[in-house]
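Order of listing sets the numbers, starting from 1, for every ligand and every atom in it. Count residues from 1 along the sequence.
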Amino acid sequence: MTSPVPYAEVIGDPIAHSKSPLIHGHWLAAAGIGADYRACHVRADGLSAYVADRAADPAWRGCNVTLPHKQAVVDLVADPGGVRASIGAMNIIFRSETGALVGTNSDAAGFYAPLAEVELGGSDVIVIGAGGAARAVLFALARAKPAQVTIYNRSPLKAAALLSHFSLSGRALPLAADLAVPPADLLVNASSLGMAGGTPLAIDLARLPAEAIVYDLVYAPVDTPLMLAARAQGLATIDGLDMLIGQAAVAFELFYGRPPPGDDAALRQLLLTGA
Ligand code: NDP
């Protein structure tokens, strides 16, 4: 009898848009690993049954978790890293050495990876948004010890709660339609504004200094209006694909026991063409 092919998945509702199968499939082929990576549509009312089912399947190595399940899974798996109390959302479930299902969050690491060489200690940071992705961003920023973080969000109360949760100094302000952002060293868009087919993030960057970095988490499209405006002003930019690839790399190693092959340029090209 042949053993079943090991596999991992990405789960969400909807799930057809996910780029994770493209990323993991590319890495599996490049590394010559005989495993599979699939997208699995899981509705909220089927989440706990899904986790119980896969826990009993020895071929299953784990899954990436996307909207709307990132918060709900924290109650279904072990949490040795204290992710429930810190970020409050998980984007990976994997099997520990004992076989128990463990949850973790690689969005914070994926966000921080392109900033690893940037000195953020004592800096002024602007974050747009206060949803799940913003929580991972603020978790990572809190470790970099910025002087202050200004969060703009449609609901400023949510933003204020996040500043307090992550013990960050700063301000929580409403996101006005014609916002002219104040000077800052780093501006991060962690809102959904700018996504294809949605409302763009229309803010004025004119007061950002020439050395400021503009980082957009939105990756569909990659060249968001924010990225285009920042580049037109000569500012350094980091797009959402860097974080997407960074968070996926952490998952790949947890699923298959080794880091992905380091061919980010080829992978970026693949993600841009969608082939
Ligand atoms: P959430 O739904 O948790 O949060 C959405 C955020 O956008 C909230 O701050 C919300 O404001 C704001 N927002 C949504 N619509 C509007 C609007 N019409 N006007 C003003 N504000 C709005 O989503 P996530 O935090 O999970 O995701 C946010 C973005 O980050 C998405 O584009 C996602 O694709 C991207 N992302 C990218 C990753 C990557 O690897 N590159 C990883 C994770 C996310 P309010 O709080 O007032 O509702």
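For atom 13 (N) of ligand 1, the closest heavy atom belonging to the protein is Arg154 NH2, 3.9 Å. The protein heavy atom nearest to atom 12 (C) of ligand 1 is Ser191 CB, 3.9 Å. Nearest protein heavy-atom neighbour of atom 35 (C) of ligand 1: Leu217 O, 4.0 Å. When only non-hydrogen protein atoms are considered, atom 47 (O) of ligand 1 lies nearest to Ser155 OG, 2.6 Å. Given atom 42 (C) of ligand 1, the protein heavy atom at minimum distance is Met243 CE, 3.6 Å. For atom 26 (O) of ligand 1, the closest non-hydrogen atom of the protein is Ala133 N, 3.8 Å.
Neither the backbone nor the side chain of Ala220 comes within contact range of ligand 1; no heavy atom lies under 4.0 Å. By the criterion of a heavy-atom distance under 4.0 Å, the side chain of Met195, and not its backbone, is placed next to ligand 1. Heavy atoms of Leu241 found under 4.0 angstrom from ligand 1: none, in either backbone or side chain.
Note that CZ of Phe111 is 12.5 Å distant from CZ of Phe139, once rounded to the nearest 0.5 Å. In this structure, CD1 in Ile92 is found 5.5 Å from CG in Leu254, a value given to the nearest 0.5 Å. Atom CE of residue Met195 and atom CG of residue Asp216 lie 10.5 Å apart, to the nearest 0.5 angstrom. The CG atom of Leu201 sits 6.5 Å away from atom CG of Leu175, with the distance rounded to the nearest 0.5 Å. Taking CG of Leu179 as the reference point, atom CD1 of Ile128 lies at 6.0 Å (rounded to 0.5 Å). Taking CD1 of Ile23 as the start and CG of Leu28 as the end, the distance is 12.0 Å to the nearest 0.5 Å.
Under a 4.0 angstrom heavy-atom cut-off, Gly110 registers as lying outside contact with ligand 1.
Note on Asp75 versus Arg84: salt bridge recorded, some NZ/NE/NH1/NH2 to OD/OE distance being below 4.0 Å. Salt-bridge annotation for Arg54 and Glu9: present, with a side-chain N of the basic residue lying under 4.0 Å from a carboxylate O of the acidic one.
Residue Thr199 places no N or O, backbone or side chain, under 3.5 Å from any N or O of ligand 1. For the pair Leu244 and ligand 1, the shortest N or O to N or O distance falls below 3.5 Å. Between Gly240 and ligand 1, a contact under 3.5 Å exists for at least one N or O pair. Between Lys70 and ligand 1, no N or O atom pair is found at a separation short of 3.5 Å. Where the criterion is an N or O separation shorter than 3.5 Å, residue side chain and backbone included, Gly132 meets it with respect to ligand 1.
Among Ile151, Asp107, Asn153, the residue whose heavy atom sits closest to atom 8 (C) of ligand 1 is Asn153. In the candidate list Ser192, Ala177, Ala248, Ala89, Ser192 is nearest to atom 7 (O) of ligand 1, counting heavy atoms. In the candidate list Gly131, Ala190, Ala134, Ala190 is nearest to atom 28 (C) of ligand 1, counting heavy atoms.
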Would Leu187 and Ile213 count as a side-chain contact (heavy atoms from CB on, under 4.5 Å) if you check the C-alpha gap in whole Å, the side-chain angles of each, and the deciding distance to 0.1 Å?
CA-CA 6 Å; Leu187 181 143; Ile213 300 171; over 6 Å; no
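Below 4.0 Å from some heavy atom of Lys158 lie the following atoms of ligand 1, by number and element: 45 (P), 46 (O), 48 (O). Every atom of ligand 1 with a heavy atom of Gly129 under 4.0 Å away is listed here by number and element: 9 (O). Remark: ligand 1 atoms within the under-4.0 Å shell around heavy atoms of Val218 are 32 (O). Per-residue contacts place Ala130 under 4.0 angstrom from the following atoms of ligand 1 (heavy atoms of the residue considered): 9 (O).
With Tyr7 as the aromatic partner, Arg38 meets the cation-pi criteria of under 6.0 angstrom to the ring centre and within 45 degrees of the ring axis.
Taking a distance limit of 4.0 Å, we find that atom 33 (C) of ligand 1 is approached by no protein heavy atom.
Between Val137 and Ala190, the shortest heavy-atom contact is CG2-CB, 4.3 Å.
Considering only residues two or more places apart in sequence or on other chains, Asp264 meets the salt bridge (charged side-chain N to carboxylate O under 4.0 Å, His left out) condition with none of them.
Judged as a salt bridge (charged side-chain N to carboxylate O under 4.0 Å, His left out), the pairs with a partner in residues 218-240 (not counting sequence neighbours) are, in order, Asp223-Arg231, Asp239-Arg268.
By the neighbour-count criterion of 12 heavy atoms within 6.0 Å, atom CZ of Arg207 is densely surrounded, having more than that number from other residues, nucleotides or ligands.
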